Visitor: 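The structure under discussion is supplied below as structure tokens; questions concerning it will follow.
The analysis underlying the following values was restricted to heavy atoms, covering all of them including side chains, and did not include hydrogens, waters or symmetry mates. For clarity, every value in this text was computed on a predicted model and none was experimentally measured. In each ligand, atom 1 is the first atom listed, and ligand 1 is the first ligand listed.
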Amino acid sequence: MDLTGRDFLKLLDYTPEEINYLLDVAARLKAEKKAGAQPGQTLHKTSFPGKNIALIFEKNSTRTRCSFEVAAADLGMGSTYLGPTGSQIGSKESIADTARVLSRMYDGIEYRGFGQDLVEELAKYSDVPVWNGLTNEFHPTQMLADMLTIREHRGDLKGQKLVYMGDARYNMADSYMVVCAKLGMHFVACAPKAYWPNAELIATCQAVAAETGAMLSFTESVPEACQDADVICTDVWVSMGEPDEVWAQRIHDLKPYQVNADAFRYAKDDAIFLHCLPAFHDTNTKIGKQIYEKYGLTEMEVSDEIFEGPHSVVFDEAENRMHTIKAVVYTTLGGK
Ligand code: CP
Ligand code: NVA
């Protein structure tokens, strides 16, 4: 398997074998990191001294940014963070020009932004690999972390039932549907019908599922969705870049789809809970407090009981962001 020079824009572009290969490499890099570098040796078999990567973030980030920065450092590379303000990107300089400039200085470019078309445009004009660090449509590096976490806790991915509860029209749910289709899993979107993924993406994923033996289902019923689930996951009800005005409607529509003890009652006893984070599970955040003051809710997409309870593996998942992002950078830059 050779992924040298490849962009990583969405998992639809990758075969099941390539996705599994990235997970295998991530698991190996994770074990190597845990073992630590031997005296006089690099942490990993291949390192990239003298190489540099650019990290463009048009939206905020904790995990994704830190993962790319730590991965770069572990691989002997430099990294430059370009945040939502402070660079020329978008205001004075187009994506196409930015791509051609950064390709002259860097060996890879991470991009987090709004439409998927922007990261695709960046890749079109870039001479070096471009990695999608989240768009409105997809969050592919998050999927690798989640799949590695499921593998670690529940074994072979094929046939596992993954239930997504909440707004199933956005980057997280859409990405789960894609990865489950690719890897022969059972994806269930559990949400009001108006929040199901768009018909075109469903059709694309159904065609993939027909090849891999995956199952895709869509339901408004929590008991039906969660029955015998291996994994239950969710995401914030309002994503970065969406207007504050949508909160009231979202809370009204999605509150019945909160991941809580009732949902887990139907799942397998050892089912796990995943959340990409950040999560609203208490009032210890600025937005959490505002929502409490305005709507009286102390927890939103996930109850604090589930978030802090034995099913939750969200911090393993967060750690795996780094190992899996490192695998993407490593393999696309030619690491073996
Ligand atoms: N899950 C995730 O992408 O987190 P950040 O927004 O902190 O990068
Ligand atoms: N759906 C969320 C994911 C955050 C990692 C957002 O786009 O804000």
Side-chain angles (χ1 to χ4, degrees), residues 8-11 26 53 55-72 79 81-84 110-119 131-150 164-179 189 191 195-198 201 233-247 250-251 253-254 257-259 273-281 285-288 291 300-302 307 312-329:
F8 188 77
L9 306 179
K10 55 186 183 303
L11 286 176
I53 61 175
L55 310 176
I56 304 173
F57 283 84
E58 302 213 64
K59 292 175 177 171
N60 291 338
S61 170
T62 297
R63 279 145 290 272
T64 310
R65 174 188 176 175
C66 296
S67 295
F68 272 97
E69 292 199 5
V70 172
S79 59
Y81 172 72
L82 296 162
E110 179 278 350
Y111 180 83
R112 165 173 287 197
F114 294 87
Q116 179 72 15
D117 54 321
L118 298 172
V119 76
W131 308 298
N132 179 357
L134 177 146
T135 59
N136 295 347
E137 288 85 352
F138 294 116
H139 198 1
T141 62
Q142 180 75 50
M143 289 306 110
L144 294 180
D146 288 27
M147 293 305 120
L148 183 62
T149 310
I150 298 171
Y164 179 91
M165 296 176 69
D167 183 359
R169 306 163 304 180
Y170 220 71
N171 45 22
M172 282 299 298
D174 284 357
S175 301
Y176 279 126
M177 184 166 68
V178 170
V179 79
Y195 290 83
W196 291 359
N198 76 66
L201 186 64
C233 46
T234 186
D235 182 20
V236 290
W237 291 339
V238 177
S239 286
M240 288 184 281
E242 295 198 280
D244 282 348
E245 294 75 71
V246 301
W247 270 113
R250 293 286 165 83
I251 288 171
D253 295 345
L254 297 178
Y257 297 91
Q258 179 191 68
V259 177
F273 171 68
L274 294 178
H275 191 308
C276 59
L277 308 182
F280 291 120
H281 59 96
T285 62
K286 194 168 126 194
I287 295 176
I291 296 291
M300 286 190 265
E301 72 275 8
V302 56
F307 186 90
S312 177
V313 294
V314 296
F315 298 108
D316 292 345
E317 179 187 6
E319 176 188 334
N320 283 339
R321 295 300 309 288
M322 199 285 287
H323 305 297
T324 45
I325 279 176
K326 191 191 282 177
V328 171
V329 172

Visitor: List ligand 2's nitrogen or oxygen atoms that come under 3.5 Å of a protein nitrogen or oxygen, with the partner atom and distance.
Guide:
residue  : atom  : partner : partner atom : Å
ligand 2 : 1 (N) : Asn171  : OD1          : 2.9
ligand 2 : 1 (N) : Asp235  : OD2          : 2.5
ligand 2 : 1 (N) : Ser239  : OG           : 2.7
ligand 2 : 7 (O) : Asn171  : ND2          : 2.9
ligand 2 : 8 (O) : Met240  : N            : 2.8

Visitor: What residue among Arg250, Met165, His281, His275 forms side chain to side chain contact (heavy atoms under 4.5 Å, CB included) with Glu301?
Guide: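 Exactly one pass, corresponding to His275.
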
Visitor: Determine, for Tyr81 and Arg65, whether the Lys NZ or Arg CZ falls below 6.0 Å from the six-membered ring centre while staying within 45 degrees of the axis.
Guide: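 Here Arg65 passes the 6.0 Å and 45° test against Tyr81.
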
Visitor: Below 4.5 Å, heavy atoms only, C-beta onward: do Ser175 and Gln142 meet side chain to side chain?
Guide: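 A side-chain contact under 4.5 Å is absent here.
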
Visitor: Do the non-hydrogen side-chain atoms of Thr141 and Phe8 ever get within less than 4.5 Å of each other?
Guide: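 In contact.
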
Visitor: Can Thr64 and His139 be said to form a side chain to side chain contact (heavy atoms under 4.5 Å, CB included), step by step?
Guide: CA-CA 10 Å; Thr64 310; His139 198 1; 4.1 Å; yes

Visitor: So which of Arg112, Lys10, Gln116, Glu110 actually passes side-chain hydrogen bond (donor to acceptor under 3.5 Å, both in side chains) with Asn132?
Guide: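 Of Arg112, Lys10, Gln116, Glu110, side-chain hydrogen bond (donor to acceptor under 3.5 Å, both in side chains) with Asn132 is met by Gln116 alone.
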
Visitor: Rounded to the nearest 0.5 Å, what's the gap from CD1 on Ile150 to CG on Leu274? Could you check?
Guide: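 Interatomic distance, Ile150 CD1 to Leu274 CG, rounded to 0.5 Å: 5.0 Å.
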
Visitor: Within a 6.0 Å radius of atom CD1 on Ile251, are there more than 12 heavy atoms belonging to other residues, nucleotides or ligands?
Guide: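 Atom CD1 in Ile251 is packed in, count exceeds 12.
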
Visitor: Non-hydrogen atoms closer than 4.0 Å to ligand 1: which protein residues do they belong to? List them by chain and number, please.
Guide: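 For ligand 1, the residues that come within the 4.0 Å heavy-atom cutoff are Ser61, Thr62, Arg63, Thr64, Arg112, His139, Gln142, Cys276, Leu277, Arg321.
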
Visitor: My understanding is that only one of Arg321, Lys326, Glu319 makes a side-chain hydrogen bond (donor to acceptor under 3.5 Å, both in side chains) with His323; could you say which?
Guide: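 Single pass found, and it is Glu319.
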
